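The structure appears below as structure tokens.
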Amino acid sequence: MPEGPSILFLKDQLLAFKGNSVQKAGGYGPMPTRWLKGKTLKDIDTWGKHLLLLFDGGAVRIHLGLFGDVLISERKKVNRSFYLEFANGEMNGYVVNAIKLTKQLKEIYDWRTDILSKQFDKAYIRILLQQKAVKTIDDVLMDQNVFTGVGNKIRNEALYRAGIHPQSIIGKIPPAKITSLINEVVKYAKIFYNQLKRTGVNDKFQVYQKEYAADGSAVTMKVLKKSKRKIFFSEHRQKLYV
DNA sequence: GTGCATGTTACGAG
DNA sequence: ACTCGTAACATGCA
């Protein structure tokens with residue numbers, strides 16, 4: 001279910017529980033749920049694909065992985081891996097990974113890399129990219145410590161919109177194109193998020209899983225060796241820098 | 001039944 | 001110590 005925008009969208013829905021106290025917590029996952037009972041949900045934050053529920057004395061980090069799903073005051077037939085029940089409804093996590101964080105969030109997370117954060121810092125990303133100059137851009141776009149919140153859809157769409165071939169070597173991409181790519185990542189993440197808010201789904205693709213790109217050019221699909229994920233790109237429109 | 005999908009982590013080999 | 005490749009973990013839909 002998730003890329004960064006999906007998690008932000010989920011946070012919006014969960015804010016209905018902010019300020020409420022947990023009546024019951026549980027699930028089959030390894031999360032120690034006992035301490036949550038009676039605690040007040042102080043706030044909700046996100047870091048890319050991490051959903052952070054803030055309580056006194058600790059936070060719960062929820063990650064949806066590839067198959068995870070969270071329903072608000074609705075249930076599926078299968079067991080919940082992590083849930084919270086409040087007086088005004090419940091949060092039901094399926095196949096989600098929930099753990100308790102005891103350190104201060106500031107010590108764990110750097111929001112300068114979060115593509116959906118106000119603190120997102122383009123100049124800092126450029127520095128990180130310089131440190132990975134010999135790598136290909138497709139790999140690094142999915143590196144959560146560089147482009148926090150980017151998933152396979154945003155990766156493919158941002159590269160297409162910036163006109164960069166996924167297998168370009170970072171160090172060979174002209175600085176102006178790097179800037180353009182960083183901008184397109186943020187822009188598309190916002191399109192993704194806004195469409196979710198309006199319609200609940202995201203299907204605005206110019207190249208991802210397309211046969212022909214938005215400009216009419218043929219789309220090539222490749223399976224990445226390491227990650228086995230699929231990349232979609234237009235040879236015609238996306239320049240290969242090597 | 002088969003294949004595939006918005007993801008990450010653990011571990012062994014090199 | 002670091003990087004690479006592979007397996008592992010789940011679900012739901014066509």
Side-chain angles (χ1 to χ4, degrees), chain A residues 1-13 27-31 46-52 60-71 74-83 92-101 108-109 113-116 128 131-136 138-161 166-167 169-170 184-211 219 221-233:
Chain A
M1 183 188 180
E3 291 193 21
S6 314
I7 302 303
L8 201 58
F9 179 56
L10 177 57
K11 173 193 156 179
D12 293 343
Q13 298 168 271
Y28 64 73
M31 170 71 200
T46 63
W47 183 78
K49 301 166 192 171
H50 295 207
L51 177 73
L52 305 164
V60 177
R61 189 207 75 187
I62 293 169
H63 200 292
L64 305 204
L66 193 53
F67 305 131
D69 203 3
V70 173
L71 300 185
E74 279 180 61
R75 291 205 198 172
K76 304 188 187 195
K77 286 180 182 169
V78 296
N79 282 333
R80 299 170 286 182
S81 57
F82 175 77
Y83 65 86
N92 295 317
Y94 297 90
V95 203
V96 303
N97 169 262
I99 60 165
K100 183 182 174 189
L101 303 175
I108 306 174
Y109 296 115
T113 58
D114 185 343
I115 60 167
L116 288 155
L128 293 181
Q131 292 166 6
K132 302 186 183 280
V134 297
K135 303 210 172 208
T136 56
D138 51 7
D139 274 345
V140 174
L141 267 168
M142 287 279 274
D143 183 338
Q144 296 301 296
N145 291 313
V146 181
F147 286 103
T148 310
V150 169
N152 203 26
K153 293 176 176 176
I154 298 175
R155 160 165 71 182
N156 281 286
E157 290 297 312
L159 284 168
Y160 173 78
R161 289 154 203 249
Q167 302 194 299
I169 307 293
I170 291 173
E184 292 300 336
V185 165
V186 173
K187 260 163 63 182
Y188 185 71
K190 286 186 176 148
I191 291 172
F192 193 151
Y193 173 66
N194 287 329
Q195 203 200 355
L196 279 179
K197 274 213 291 200
R198 271 204 324 281
T199 68
V201 295
N202 166 55
D203 54 8
K204 276 191 183 241
F205 305 127
Q206 295 188 352
V207 69
Y208 176 74
Q209 286 184 336
K210 297 282 189 186
E211 204 171 330
V219 171
M221 187 277 283
K222 273 191 184 171
V223 178
L224 290 179
K225 200 154 192 180
K226 278 186 250 176
S227 63
K228 305 241 175 105
R229 304 303 291 273
K230 285 181 176 172
I231 49 170
F232 300 83
F233 56 94

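None of the values given here were measured: they were computed from a predicted structure. Protein chains get the first letters and strands the later ones, always in sequence-line order, with residue 1 at the start of each.
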All heavy atoms of Ile7(A) vs all of Gly48(A), minimum pair found to be CB-O, 3.8 Å

Between NE2 of His63(A) and P of dT9(B) the distance, given in whole Å, is 7 Å

Under a 4.0 Å heavy-atom cutoff, the residues of residues 141-154 of chain A touching DNA chain B are Met142(A), Gln144(A), Gly151(A), Asn152(A), Lys153(A)

Rounding to 0.5 Å, atoms OG (Ser81(A)) and CG (Asn97(A)) come to a distance of 8.0 Å

| task | Would you please test Ile170(A) and Val140(A) for side chain to side chain contact (heavy atoms under 4.5 Å, CB included) and show each step? | result | CA-CA 9 Å; Ile170(A) 291 173; Val140(A) 174; 3.5 Å; yes

ask   = Do you see a donor-acceptor pair shorter than 3.5 Å between the side chains of Tyr188(A) and Asn156(A)?
value = no

For residues 142-160 of chain A, the salt bridge (Lys or Arg N to Asp or Glu O under 4.0 Å) pairs (sequence neighbours left out) are Lys132(A)-Asp143(A), Glu157(A)-Arg161(A)

In short, Ile154(A) meets Pro5(A) closest at the heavy-atom pair CD1-CD, 3.7 Å

| Above 12 or not: heavy atoms from other molecules or residues under 6.0 Å from NZ of Lys204(A)? | no

Which atoms of nucleotides 8-12 of chain C (N or O only) lie under 3.5 Å from a protein N or O atom, and what are those distances?
residue, atom, partner, partner atom, Å
dG12(C), OP1, Lys76(A), NZ, 3.4

Between CG of Asp139(A) and P of dG7(B) the distance, given in whole Å, is 14 Å

Note: Trp47(A) and Gln144(A) closest approach over all heavy atoms is CH2-O, 3.5 Å

Checklist line | Phosphate-side-chain proximity, Arg229(A) and dC4(B), N/O vs OP1/OP2 below 4.0 Å | finding: no

Rounded to whole Å, CG of Asp203(A) lies from P of dA5(B) at a distance of 17 Å

Here the gap from Leu71(A) atom CG to Gln13(A) atom CD, rounded to the nearest 0.5 Å, amounts to 9.5 Å

From OH of Tyr193(A) across to P of dT6(B) the rounded distance in Å is 23 Å

To the nearest angstrom, the NZ-C1' distance between Lys228(A) and dT8(B) comes to 15 Å

Rounded to whole Å, the CD1-P distance (Ile62(A) to dT8(B)) equals 15 Å

Read 5' to 3' with Watson-Crick or G-U pairs under 3.5 Å, [ ] for crossing pairs and | for partners on another strand, DNA chain B gives .||||.||||||||

To the nearest angstrom, the NZ-P distance between Lys226(A) and dT8(B) comes to 16 Å

Would one find a side-chain N or O of Lys230(A) under 4.0 angstrom from OP1 or OP2 of dA5(B)? yes

Tabulate below the donor-acceptor pairs under 3.5 Å that side-chain atoms of residues 223-231 of chain A make, not counting sequence neighbours, or state none.
residue, atom, partner, partner atom, Å
Lys226(A), NZ, Asp139(A), OD2, 3.1
Ser227(A), OG, Arg229(A), N, 3.3

note: Leu224(A), atom CG; dG7(B), atom C1'; distance rounded to Å ~ 14 Å

Sorted by chain and residue number, the side chain to side chain contact (heavy atoms under 4.5 Å, CB included) partners of Asn79(A) (sequence neighbours excluded) come out as Tyr28(A)

Base, sugar-phosphate alone, or nothing: which one does Gln209(A) contact when heavy atoms must sit under 4.0 Å apart?
sugar-phosphate

**Request:** Verify the contact: side-chain N or O of Lys225(A) to OP1 or OP2 of dG5(C), cut-off strictly under 4.0 Å; return yes or no.
**Result:** no

